[in-house]
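Side chains included, hydrogens not; waters and symmetry mates left out as well; all remaining heavy atoms used. On a predicted model such as this, the values are computed, not experimentally measured, just so you know.
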Amino acid sequence: MPGYHPLFPDILSLNGRWHADRTALVAGPRTLTWGELNGEANRIAHGLLAAGCGGGERVGVVMDNGADTLIAMFGAMKAGSVVVPVNTTIADDAIHALLADADVAAVFASPPHVARIAGDVRKPCRLRLIEGEPGAMPAGWEALAGWRAPHPAHDPDVAIGANDLCNIIYSSGTTGQPKGIAHAHGARIDWAHDVAHALRYDSAARTLVATGLYSNITWASLLCATLVGGTLVVLEKFDPGQALAAIERERTTHTAMVPVQYQRLLEHPDFGRHDTSSMRSMMSVGSALPERIKRELLRHFPDALIELYGTTEGAITALAPEQAEGRVASVGKPLPGGDLRILDDDARPVAPGEQGEIVMRTRFRMAGYWRNERATAETLWTDERGRTWLRTGDIGRLDEAGFLYITDRKKDVIISGGQNIYPADLEAVLMQHREVGDCAVIGVPSERWGEAPLALVVFAQGAQIEERGLLEWANARLGKQQRLAAVERRDALPRNANGKLLKRELRAPYWPGSA
């Protein structure tokens, strides 16, 4: 007899039935119960179905943090649509590329982003909806509130299977070859169960959401809170003073932030003036938490800080606060049920203390990269027993007790403030300037962001532009979170016999101890 395995569309309906009066969401002036949130999501779902945008069609969400953003995403889930949350901080061309790659049938947008995408959703969408009340609308767009209102609030009759896609999360705002990480509904519910266990979630959890709703980091908070029927307290944007005030006012218990956010909390003059004693689970994720910041957080929140290492593709380890003594630099062990190996360049396991690529097995691995079978195949490794593991592209080592330490990155990616920045994207922009002969972008240490992108540039013969001018020119064309920290002039860049940039050699002077 088949078992009973409710997915998130079911969980939302069950919360709306059994916890109808419990507060689900606090977002600015709006407070919604689970009954109200489920009803509003159902209106979205019925509207999408009526427009032919359910049944696996992709729905783009280009929205700022707020109640309507969460309602739109949950509504798309309940319609059987595939949610495509878009990072609003990336450049306009990158947004266009992601929406085109996902082949979206509908787009939800906040007013500030409508002009950014209005003329360049490359597939004719059945629906283009603007957050807000009816009024003067750009051609082809409708007001979300007016469109949603006539649709019923009861649960839609939609059959959704564990292998049906739930979402596609893009790992960067690339303008060339976007790579969408697709997750099935079954994997998302398994992920939430495992992460909720690690983060100590229960029905009394009140989660402060201080990161963008487009991020997989934020989805961990959203789905864990939904799973247990807790409360989400969503900030429109991160401000350390407002975050501290919200913790005290809302008596939040859980949060997930990137290291730079924790650093800004600690540095804020109001830190210590607000009552933060309600916090019992503070996840740090996105990039390695600097030891200085980690020790300071453990001093203030000795029982709350949990560092997670992971990939959106489906690899996670966690270091609980009681495990941190003597191994502050570690990122912990796999979640229960997960497994981890360290492989050398010949895909053979290495001994404790030796470095190699981290590969993991979890029950919540991605379904694959959206319409990119080659990339999917390249990220998988099969062991001697025929079992499939996920390559992380990160280099690490295990100590004798099995705790993981991240030491390098095999993939050419910069993690700045918890956001992935792909140097190839930045290099492509720099090479558009006629006075740039060659360039390389590398990550260098940043006290605030963990890493920051630095451009090493060989200027063309006779170039008139200086480093400062090129920096301003490039940053004007890059997304907010992609911007270069500096430009440095080079006479030449090291390359191997095949012409490949030797980035490890370029990075070495900036990272003490890196061979």
Side-chain angles (χ1 to χ4, degrees), residues 62 64-65 85-98 110 112-113 115-117 170-179 210-212 214-215 217-218 237-240 257-264 267 286-288 290 409 411-436 438-459 463 465-490 493 501 503 506-507 510-511:
V62 192
D64 299 320
N65 278 17
V86 176
N87 184 341
T88 56
T89 70
I90 62 179
D92 294 2
D93 285 350
I95 292 178
H96 301 158
L98 302 192
S110 296
H113 307 302
R116 302 176 64 192
I117 62 176
Y170 283 85
S171 56
S172 81
T174 177
T175 56
Q177 294 292 326
K179 197 187 304 185
T211 48
Y214 52 77
S215 168
I217 294 170
T218 316
K237 60 182 179 179
F238 176 73
D239 174 272
M257 296 191 202
V258 298
V260 66
Q261 291 176 306
Y262 285 116
Q263 181 178 350
R264 291 181 64 188
E267 293 173 348
S287 60
R409 204 168 294 121
K411 294 182 291 187
D412 192 13
V413 60
I414 299 166
I415 300 180
S416 181
Q419 295 291 324
N420 286 3
I421 299 174
Y422 289 79
D425 297 337
L426 282 63
E427 291 160 357
V429 170
L430 286 165
M431 292 305 296
Q432 292 173 14
H433 198 288
R434 59 185 176 85
E435 294 187 8
V436 172
D438 196 7
C439 71
V441 174
I442 60 172
V444 296
S446 167
E447 181 70 12
R448 167 145 293 198
W449 305 110
E451 288 184 85
L454 168 69
L456 307 176
V457 176
V458 178
F459 286 83
I465 194 168
E466 297 291 336
E467 291 91 329
R468 183 67 188 176
L470 180 60
L471 178 69
E472 294 173 354
W473 180 90
N475 282 344
R477 290 159 175 79
L478 292 168
K480 181 179 178 181
Q481 292 176 337
Q482 294 176 306
R483 291 173 186 164
L484 296 163
V487 170
E488 290 184 8
R489 185 184 294 263
R490 292 286 189 273
L493 297 175
L501 277 168
K503 291 236 174 148
L506 290 171
R507 286 192 295 263
Y510 300 91
W511 295 91

Is the shortest side-chain heavy-atom distance between Val429 and Trp473 below 4.5 Å? yes

Check: Glu447 main-chain N/O paired with Gln263 side-chain donor or acceptor under 3.5 Å: yes

With sequence neighbours left out, the residues meeting salt bridge (charged side-chain N to carboxylate O under 4.0 Å, His left out) with Asp438 are Arg495

Atom pair CG (Leu470) and NE2 (His433), whose distance is rounded to the nearest 0.5 Å: 6.0 Å

Correct closest heavy-atom pair for Pro423 and Ile414 would be CG-CD1, 3.9 Å

Against Arg116, only a single residue in Asp92, Val62, Asp93 fulfils side-chain contact (heavy atoms from CB on, under 4.5 Å); can you say which? Asp92

Run the salt bridge (charged side-chain N to carboxylate O under 4.0 Å, His left out) test against Arg468 and tell me which residues pass, sequence neighbours left out. Glu472

In this structure, which one of Gln481, Gln419, Lys480 forms a side-chain hydrogen bond (donor to acceptor under 3.5 Å, both in side chains) with Thr89? Gln481

What heavy-atom pair brings Leu456 and Tyr510 nearest, and what distance separates the two atoms? CD2-OH, 3.8 Å

I need the minimum non-hydrogen distance between Leu426 and Pro453, along with the two atoms involved. CD2-CB, 3.8 Å

Does any N or O in the side chain of Ser110 come within less than 3.5 Å of the main-chain N or O of Asp64, such that one atom is a donor and the other an acceptor? yes

Nearest non-hydrogen partners of Lys503 and Val441, listed with the distance: NZ-O, 3.0 Å

Pairwise side-chain contact, Leu430 with Leu484, heavy-atom cut-off 4.5 Å (strictly under): yes

Where is the tightest heavy-atom contact between Ser446 and Glu451, given as atom of each residue plus distance? CB-C, 3.8 Å

Please give me the minimum heavy-atom distance between Ser416 and Ala452, naming the atom from each residue. OG-CA, 4.3 Å

State which residues pass salt bridge (charged side-chain N to carboxylate O under 4.0 Å, His left out) with Glu435; sequence neighbours excluded, sorted by chain then number. none

Under 3.5 Å, is there a donor-acceptor pair between the side chain of Asn65 and the main chain of Thr211? yes

Taking the side chain from Gln261 and the backbone from Ala210, do they hold a donor-acceptor pair closer than 3.5 Å? yes

Under a 4.5 Å cut-off applied to non-hydrogen side-chain atoms, are Asn420 and Ile415 in contact? yes

